[in-house]
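One structure is given here, and the rest of the page talks about it.
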Number of protein chains: 2
Amino acid sequence: MTQADTVTRILDSAEQLFAEKGFAETSLRMITTRAKVNLAAVNYHFGSKKDLIQAVFARFLTPFTQKLDKELDAMVATNREPTFQDVLGVLARTMLTGVETHQRYNKLSVFMRLLGLAYTQAQGHLRRFLNENYAKTYGRFIGYLKAAHPTLSSDEIFWRIHFAIGSAVFTMSSLEVLRSMAQADTGHDASVERVMQMLIPFLSAALEQES
Amino acid sequence: MTQADTVTRILDSAEQLFAEKGFAETSLRMITTRAKVNLAAVNYHFGSKKDLIQAVFARFLTPFTQKLDKELDAMVATNREPTFQDVLGVLARTMLTGVETHQRYNKLSVFMRLLGLAYTQAQGHLRRFLNENYAKTYGRFIGYLKAAHPTLSSDEIFWRIHFAIGSAVFTMSSLEVLRSMAQADTGHDASVERVMQMLIPFLSAALEQES
DNA sequence: AGTCGTTTAAAACGATCGTTTGAAAAGAGC
DNA sequence: GCTCTTTTCAAACGATCGTTTTAAACGACT
């Protein structure tokens, strides 16, 4: 039986529990119990709970950002004037590549949920960490969007992007609640796939409108 | 010092701190210190922290829901077939009436932030409380929206509404973070009013598109 | 086998949490 | 005045938190 090592098991448990409950509501004892490691292992391998939080974000954001950077390179290499759709397509492809189809939406849920926590529960240390490590690629992405839509002001682009991120993050963050509400409301069960299929045209219409 | 003063001051402090930090990150000692009352006053007047959380939501949701119910009554009394815009307008008017203009957006921010917490940080007790007390009017509101847009399925309406709620809640929940990001990104400062003025057409376009 | 650096283990640390206690202070009714 | 209820207050409770300590177990190497 090949057992993942202690560091990986801690990261897996922490990621799952953070996405499920948030940072403050998740204790190190919950994490180490689920990971079946000793309590002190967190402080030994990561230093502190704050460092563990940063490590959880780094594990999925660093490869994601690297992939996004390469995809953006490839985009501008073959396309001198990428459209709004082109740039958004690069983002969508980057989020989905490398993840097996059958667990694609679970991974995406965790991704979105953690992203939401970064916005709404971030203390200073996490915000600073994310800004130092990933702001550059993020700014590059926003820059291409602005270039693709010269009739809109920089402000408009920025805020529309974050309105859209808000929809996605909020929806995935409270998917369980919303699903039970939808079940009681319409009587229909909603799969993640179906919700995504409604969300994408919803956001497309909003992002690209002329004002 | 009378009882109402103590109760009100606790509710004010709790509302502000919950909206700012969330439930778990806000201790009773922080609340009572800011409210300048004794620590035991919370348990004496409310029973427990959970009951205090419910009381904070009840204080602004109960009058809001009552107003919304009356506004919906008035709408159907004068308008046999209210449009999508009519129904949304009732919601917007209900959220803004009774609040002085100069503090309108602060109140709205707190409203949205608490709403976001209810979705993303709700333990069972809060979800159950909100469902028992406010689900009826909420269902009525959704019902009128569905009737106004018969070409869309019930599912579509439900999810679009929550996509829109997500944008608004997320934006207001992380307004400070987003503002500092916008400042670093575009160099422009964004007032709440300006953000709202961009958000509303953004959501209108998304909500009303035909698919 | 024996040594040395790394990792795991159990136990305890001080701090902070929500809550409870018991007595003092304040109000209300007569 | 006095009594009885309501409210405030300081102090402490047990529980849980993140973190530290100390020693045992493990692994690689000579």
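Predicted model, so just to flag it, every value in this text is computed and none were measured. In what follows, every heavy atom counts, from backbone to side chain, and hydrogens, waters and symmetry copies are set aside. Letters A, B, ... mirror the listed sequences (proteins, then strands); counts begin at 1.
The distance from atom CZ of A/Phe46 to atom C1' of C/dT7 is 14 Å, rounded to the nearest whole Å. In this structure, B/Tyr44 atom OH and D/dT6 atom C1' are separated by 5 Å, rounded to whole Å. As rounded to whole Å, 13 Å separates atom C1' of D/dT16 from atom NZ of B/Lys49. To the nearest angstrom, P of D/dT20 lies 11 Å from CG of A/Asp51. Note: CD (A/Glu25) to P (D/dG18) measures 11 Å, nearest angstrom. Regarding A/Asn43, its CG atom lies at a distance of 5 Å from the P atom of D/dT19, rounded to whole Å. When rounded to the nearest whole Å, the span between CD1 of A/Ile31 and P of D/dG18 equals 8 Å. Protein atom CG of A/Leu28 is 16 Å distant from nucleotide atom P of C/dT8, rounded to whole Å.
Here B/Thr32 lies out of heavy-atom contact (under 4.0 Å) with every strand.
A/Leu203 places none of its side-chain heavy atoms less than 4.5 Å from the side chain of A/Leu88.
With 3.5 Å as the limit, one finds no donor-acceptor pair spanning the side chains of A/Thr120 and B/Ser174. Side chain to side chain, A/Ser109 and A/Asn106 fail the donor-acceptor criterion of an N or O pair below 3.5 Å.
Side-chain proximity of B/Ala40 to C/dT21, C/dT8, C/dA9: nearest is C/dT21. The side chain of B/Arg29 lies closest to C/dG18 when the candidates are C/dG18, C/dT7, D/dC17. Residue A/Leu39 has its side chain nearest to D/dT19 when only D/dT19, D/dT7, C/dT7 are considered.
Considering only side-chain N and O atoms, B/Ser27 lies under 4.0 angstrom from the phosphate OP1 or OP2 of C/dC17. Put simply, B/Asn38 has a side-chain N or O that comes within less than 4.0 Å of OP1 or OP2 on D/dA10. Applying the 4.0 Å criterion to OP1 and OP2 of D/dT8, one finds that B/Thr6 has a side-chain N or O inside that range. One finds a side-chain N or O of A/His45 lying less than 4.0 angstrom from the OP1 or OP2 phosphate oxygen of C/dT8.
Nearest heavy atoms, B/Tyr138 versus B/His162: OH-CE1, 3.0 Å. Shown here for A/Leu207 and A/Ile161, the closest heavy-atom pair between the two residues is CD2-N, 4.2 Å.
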